[in-house]
A.B. asks: 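Input: one structure, supplied below.
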Number of protein chains: 2
Amino acid sequence: MAGKREQNREQNRQALIGAVLDSVAEKGISETSVSEIIQRAGLSRGMIHLHFGGKDNLVQAAAHHSSEEYYDGLEALLQTAGDSPQERVEMIVRGDLSERVLNRRNVSIWYAFRGEARNRTAIAEYSDTRDGRLRGMIHNAFARIVREAGTPDASGAARDATHGTLALLEGMWTDFLLHPDRFDREEAARIIFRFLSAMFPTHFSLKGAVRTTAEEALPPPCA
Amino acid sequence: MAGKREQNREQNRQALIGAVLDSVAEKGISETSVSEIIQRAGLSRGMIHLHFGGKDNLVQAAAHHSSEEYYDGLEALLQTAGDSPQERVEMIVRGDLSERVLNRRNVSIWYAFRGEARNRTAIAEYSDTRDGRLRGMIHNAFARIVREAGTPDASGAARDATHGTLALLEGMWTDFLLHPDRFDREEAARIIFRFLSAMFPTHFSLKGAVRTTAEEALPPPCA
DNA sequence: CATTAAAATGGACAATCGTCCATGAAAATG
DNA sequence: CATTTTCATGGACGATTGTCCATTTTAATG
């Protein structure tokens, strides 16, 4: 069992990381100072140097934590999905657009770190691995879909589908960042599935999405 | 004619704005200090307060300038496009992915400002108007396409197409931000046109894009 | 309970931040 | 050329930054 010693220690580490993320989400990176952090955490000034060896390392740890949290949430959702690749893709897309994952706090944090990623190698790394893991999950699913279809040498199709889906999700996140109040999760999902049903008509349909009059007016993908 | 007085004045203002953008692109926002700016501009410390009334206003002006530059570049390209809406859309997409617009410097600057946009109203505004103008241009084109098709009440289709295209472009920019060396402009364009040809089969085809073996292996959209 | 070791405190510290102004340079005007 | 007016300079300034350590507190151990 963990002694009260280490228990407190870990608790304070987490408090510091949480304070960084709160501050980044509310005030942005440039206003996230040591004073701001320790005030939010309710701890003393020396703690940052004690536990992380400096502010930069703490911020890096916070970025790492945020990245893990995102991926854990997505993976938890994926556990509840069926085994078929199209079910998995659908769950990833809907998960990535769900309130649990796509909310003001996460989006603020994510884009704040991205903005500094180019100039802070360590942060860029986490930004990258998060995207990398997501890409792997999606690509696996599309690769299975393509394989099932039986078309030879269609690795490029899976790649394009992965690329397009990720780009669309990314764009939707940006939409949310700029206009969190106007954002429509259903509409975002509908557009992505339109793209997918165009690429894999037999695997994806628009039945899941809310039909608009506009959609009904359009000719079906393959009449 | 402009006296040498005002000529120098304007020249120095531009030098300051340019210095901010260079610094933001190279070092990021958090390291763009007054000292850094005036050193790059080769001017004295007091100039910022003299011409802009403070650092924040200068940074804001720089964001504005960058936004204008982007839009001007895109509009210049649009002048060379034909009148048909599909030609205009194609030009916007290819323009937005062209070296002229999508390069390391612009991307660094753009995402750096985005990261702070949520917490700096003035910057968010320019980030917004840039996107707004682009959205307007694209939506106009799609609205014409939909109107030509003659399907009644398909305003939603134009909206979806606009939304999807912007999201895809946004995603491609992020791709470039994270992996400028691996980025493939042709592939990015191909994926976007695949989306568009799925939505408007009669208006967009994939002929313009480089065909891969994978693409040939796939069944045509509507056989 | 006494002792040891680990963890937490909060202020000292130099460095840097952005602002502002007294001074000097230079162009425009008479 | 003399005068006026605008622009440019660079250092002073207080505030704030992040780091670090001497001290105190507190949990663990004998």
Side-chain angles (χ1 to χ4, degrees), chain A residues 1-24 26-63 112-113 116 119-123, chain B residues 1-24 26-63 112-113 116 119-123:
Chain A
M1 71 158 212
K4 196 172 179 182
R5 211 67 198 247
E6 182 154 350
Q7 191 176 328
N8 274 13
R9 181 187 160 89
E10 194 52 31
Q11 185 177 319
N12 287 336
R13 281 179 60 98
Q14 294 304 321
L16 286 172
I17 288 177
V20 169
L21 294 178
D22 285 344
S23 174
V24 167
E26 282 180 35
K27 308 231 178 159
I29 279 196
S30 66
E31 299 208 28
T32 297
S33 63
V34 167
S35 305
E36 179 75 31
I37 295 167
I38 57 116
Q39 189 180 341
R40 282 175 185 268
L43 296 174
S44 64
R45 206 164 180 69
M47 293 291 269
I48 291 175
H49 177 255
L50 177 65
H51 286 303
F52 295 92
K55 186 198 167 193
D56 278 357
N57 289 340
L58 168 58
V59 171
Q60 177 181 340
F113 282 140
E116 290 281 297
N119 312 106
R120 318 234 329 210
T121 318
I123 290 181
Chain B
M1 72 160 209
K4 195 173 180 184
R5 213 62 193 252
E6 181 153 354
Q7 189 177 329
N8 274 15
R9 179 187 163 89
E10 194 53 31
Q11 184 177 320
N12 287 337
R13 282 178 59 96
Q14 293 304 320
L16 286 173
I17 288 177
V20 169
L21 294 179
D22 284 344
S23 174
V24 167
E26 282 180 37
K27 306 227 179 167
I29 279 195
S30 66
E31 298 208 28
T32 297
S33 63
V34 168
S35 303
E36 179 76 31
I37 295 167
I38 57 114
Q39 188 180 343
R40 282 174 186 268
L43 296 173
S44 65
R45 204 164 182 71
M47 293 291 270
I48 292 176
H49 177 255
L50 177 65
H51 286 304
F52 295 92
K55 185 198 167 192
D56 279 357
N57 289 339
L58 168 57
V59 171
Q60 179 180 340
F113 282 141
E116 290 281 297
N119 312 105
R120 318 224 343 200
T121 319
I123 288 181

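Per chain, numbering begins at 1; letters A, B, ... match sequence-line order. Source: prediction; values computed, not measured.
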A.B. asks: For B/Asn119 and A/Glu26, indicate whether the former's side chain and the latter's backbone hold a donor-acceptor pair under 3.5 Å.
C.D. replies: yes

A.B. asks: What's the separation between atom OG in A/Ser30 and atom CD in B/Glu31, rounded to the nearest 0.5 Å?
C.D. replies: 13.0 Å

A.B. asks: Looking at every non-hydrogen atom in both residues, tell me the closest pair between B/Ser35 and B/Arg45 and how far apart they are.
C.D. replies: OG-NH1, 3.4 Å

A.B. asks: Can a side chain N or O of B/Ser33 be found less than 4.0 Å away from OP1 or OP2 on C/dT16?
C.D. replies: no

A.B. asks: Take atom CD of B/Gln7 and atom C1' of C/dA26, then tell me their distance rounded to the nearest Å.
C.D. replies: 14 Å

A.B. asks: Taking OP1 and OP2 of C/dT19, is either one under 4.0 Å from a side-chain nitrogen or oxygen of B/His49?
C.D. replies: no

A.B. asks: Would you mind reading off the distance between A/Gln39 atom CD and D/dT16 atom C1', rounded to a whole angstrom?
C.D. replies: 14 Å

A.B. asks: What I want to check is whether the side chains of B/Gln14 and B/Glu10 have a donor and an acceptor closer together than 3.5 Å.
C.D. replies: yes

A.B. asks: In whole angstrom, what separates A/Ile38's CD1 from D/dC20's C1'?
C.D. replies: 15 Å

A.B. asks: Atom NZ of A/Lys55 and atom P of C/dT16: how far apart are they, to the nearest Å?
C.D. replies: 15 Å

A.B. asks: For the pair made of CD in A/Glu31 and C1' in D/dG18, what is the distance, rounded to whole Å?
C.D. replies: 17 Å

A.B. asks: Rounded to whole angstroms, how far apart are CZ on A/Phe52 and P on D/dG18?
C.D. replies: 15 Å

A.B. asks: In the structure I gave you, are the side-chain heavy atoms of A/Met47 and A/Ile38 within less than 4.5 Å of one another anywhere?
C.D. replies: no

A.B. asks: For nucleotides 4-11 of chain D, read 5' to 3', which letter fits each nucleotide if B means a protein heavy atom sits under 4.0 Å from the base, S means only the sugar-phosphate is that close, and - means neither?
C.D. replies: -BBSBBBB

A.B. asks: Between B/Ser35 and C/dC17, is there a side-chain N or O to OP1/OP2 distance below 4.0 Å?
C.D. replies: yes

A.B. asks: How long is the gap from CZ on B/Arg13 to CD1 on B/Ile48, to the nearest 0.5 Å?
C.D. replies: 12.5 Å

